[in-house]
Amino acid sequence: MSLDENTQIFITESNELLEDMESALLELERAPNDVDLINRVFRAAHTIKGSSGLFGFDHIVAFTHVAENLLDDVRNCLVPVNTDLISLFMRVKDHINELVTGIIDDTEVDAEEDKALIELLNAFKAGGATAEPVIAEKTNGSTDDASTESKDLLKSDNWHISIRLGPDTFREGFNPAVMFNQLSALGEIEVTRLVSDVLPNFSDIDSESCYLGWEIILNTAEDKAAIADVFEFFDDAQVYILSPESCVEDYKNMLTKMPDDDAVLGQVLVEIGALTNAELQQALNKQKESGGLTGEILVEQGSVQAEVVASTVERQKKIRTNKQREMTFVRVDAQKLDKLVTLVGELVISGAKVSQLACVHEDNSLIESMEEMMVTLEEMRESALGLRMVPIANTFNRFNRVIRDISKNLNKKVRLQITGGDTELDKTVIERIGDPLTHLIRNSMDHGIELPAERINAGKPEEGVIHLKAYHETGTIVIEVIDDGKGLNAEKLLQLSKERGLVKSDQILSEKEIYNLIFEPGFSTAQSVSNISGRGVGMDVVRRNIESLRGSVVVDSVLGKGVTMTIRLPLTLAIIDGFHVRVADESFVIPLDMMEECVTLSDEQKKEAALHNYINLRDQVLPLIRMDDYLGIHTANSNTSRINVVVVKFADKKLGLLVDELHGEAQAVIKPLGRVFHGVRGFAGFTILGSGQLALIMDIPDLVKSAAQRERNEKQIEHRAISIEQDINLPLH
Amino acid sequence: MTEYSQKTTTLKLDADCTIYEVSDIHEKLAEAFRKAPVVKLDCSKVENIDPSFIQLLLVARIEAKRLESNLEIIGEIEHINEFSKKMYCELSADDFKK
């Protein structure tokens, strides 16, 4: 079903709202009384309901409506926040998610889940009791106590009323006693002080005018409006009513409930009940006369506490910056973005071509202009690629939910720690890294982190930590998944690998190599297959997925302390900085981020290379791959007088590629190899060089693996050849 | 209605002490203060009072203190007390002497 643009926008925005709802719910679990968080959840549901209504998605409206009602009760402190409520809303969020995605493929609503959730929502609403008998958690009880406590506090708090009667009060026949009567009806007049310092001198006084004023402390549960009513008829009077301290919290709470519009400070204060219209008017009048900030004048007047003004000002500021930030983001169709990046890539190639031609023609002014253009092109390239860069925080934050769900399933206590969330990755990479990361985290939780009791026995804190770390490292991005669980048992791993034939019985492996066996297909040390992991198809798929992104993953561990998985990924998949080399008559591009250095062999090194397949490079062994042999291309005059070695490095291993010519740096727009070449190992794609020539782009990790595999095969063939020989020879002995 | 004596001046008030009379009472009180250090305000006949009168009494009391003299209110003043109490403009106990 093709969707029109607006529906797509609705779906995208609803998904964002649902994500926000989920993260707010997760935070709410740790801070059940945070009104801000409750409001976030409410607003998400409310907005989705509204938009669904606009589009006529009645089933979504109907469901979200029930959820919204319950959330409103939660907002008004009628229903307490506890783990059961949050779990329910997680299910609600998932269900709404299903309903929204269902629009795309027109799937039917899961009527059972819908009904069940509505029942549960209504049950919660009916008075904090769940449909199934559940042991009320401690938090449940304490939030109830807290709310009644604060109500008591309110009663014992006093309002400060400051009143100065107008001069014509007597002439108009008003008796202040009436005012005091009415105040007494509202509550207890605790203290009254007649303000004698504004009374004029006996000699100066106009005895028919009124100069009386009082400072009154009134103890009442009524709100400001009720108190202000008392002074309704005292037109000329200056009345300032200051709420008790406890109300400050209430006003702050009310602030969060206010709609997010950019209202003026005074208006907001009146709306939340912290200010009467009369008080605001007085302040504004004063402002007209002598200037100053509304907030400051109000505090000086004694109408409002400084704290409430400060909170309101802060809130208005936040709303304003949010609105500004909203305006600086633009929604762009991802396809349009991709097209732009491709075009920029083509431009880079054309630019390189023209640049070369300019050099050939030796026109200096042309060369100069070309150089300028290349600089701009480079900037444009960076900029275009930057458009697709997205901070990894979004992906990382999703795992909060994953970890919460699994830890409940397994009865383990785990928390997520995130470092480097602002590290940016290409959009395409981020989309594809989610699944492998999820699997790695699930694995850590299942096999790594121990049960709380075990952890305490081992002297560890009860709560396990999974640490997601992301950072840049020379052209790659590194993501680490670190857990503080029980680590890998090298002995056990080795034994199991031998049993499964992954390792030969006499093979000697380093500890690290043993750990990395977990990525071999068919490997699983789990005695039972849980529904989370242990099926033995996990880790090798993870590695394959990461490698298809031109990345790598390795694992390291300390027994008893934990496991660290290190994933390395290229920053972008589209354009790479490469190094152009020639082998025989063919051109190849090696990704620059894989290259360490270029070495021209000395005579001695050449001899070494000829004998073995390695050379001594600064007292270290550097294994070699003869590219012409590996690729099977030789020219008629294979010149061995100069042999060049390109030293590449990946996943801590160094390797030397023997090539014929070194041609320097070149930017390459990666064009994918056609499907025909799917099985070809060692190449990530091809590109068109500035000269117009085609060059294959090497996939170094794959190249190395395939070369190693080939060598093993060759050795096996050799081995078998010898043993066959022996067999043949034997009877003749 | 004004009796003069050496150290005390007595000002006797009429039945009506409201906003209509208060200016007049003010003048007379001012005169009394000028004449003698101790002023006695005879309120025995006072029946009708209103807030302006109470204010005046208040200001007069403050003036007396300022002059370091004394304002004595004499007579049955229970109703005046009540009235001023309701207005939260109570005169202190030592202002009243029977």
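Every value quoted in this text rests on a predicted model; they were computed, and no experiment measured them. A note on names: the letters A, B, ... follow the listed sequences, proteins ahead of strands, and every chain is numbered from 1. Reckoned from all heavy atoms, side chains included, excluding hydrogens, waters and symmetry mates.
- Rounding to the nearest 0.5 Å gives a distance of 4.0 Å between OG of Ser23(B) and CD of Glu208(A).
- Considering all non-hydrogen atoms of both residues, Pro200(A) and Val59(B) come closest at O-CG1, 3.8 Å.
- The side-chain heavy atoms of Ile216(A) and Tyr88(B), taken from C-beta on, include no pair separated by under 4.5 Å.
- The CZ atom of Phe180(A) sits 14.0 Å away from the NZ atom of Lys85(B) when rounded to the nearest 0.5 Å.
- At least one side-chain heavy atom of His26(B) sits under 4.5 Å from a side-chain heavy atom of Phe202(A).
- For Phe174(A), the part lying near chain B is the backbone, with the side chain staying farther off; criterion is any non-hydrogen pair under 4.5 Å.
- Taking 4.5 Å as the limit, every side-chain heavy atom of Ile54(B) sits out of range of all side-chain heavy atoms of Leu212(A).
- Shown here for Cys89(B) and Trp214(A), the closest heavy-atom pair between the two residues is SG-CZ2, 3.6 Å.
- Expressed to the nearest 0.5 Å, how far OG of Ser184(A) lies from NZ of Lys86(B) amounts to 11.5 Å.
- Put simply, of Leu29(B), Thr18(B), Ile25(B), the one with the most heavy-atom pairs under 4.5 Å next to chain A is Leu29(B).
- Phe33(B) touches chain A through its side chain: at least one heavy atom from C-beta onward sits under 4.5 Å away, while N, CA, C and O do not.
- Within 6.0 Å of the CD atom in Glu188(A), the count of heavy atoms belonging to other residues, nucleotides or ligands does not exceed 12.
- With a 4.5 Å cut-off on non-hydrogen atoms, Thr169(A) does not touch chain B at all.
- Crowding of Glu172(A) atom CD: a count of heavy atoms from other residues, nucleotides or ligands under 6.0 Å exceeding 12.
- Interface residue Phe83(B): only side-chain heavy atoms are found under 4.5 Å from chain A.
- Gln55(B) and Ser207(A) are not linked by any side-chain donor-acceptor pair at a separation below 3.5 angstrom, with hydrogens and angles left out of the test.
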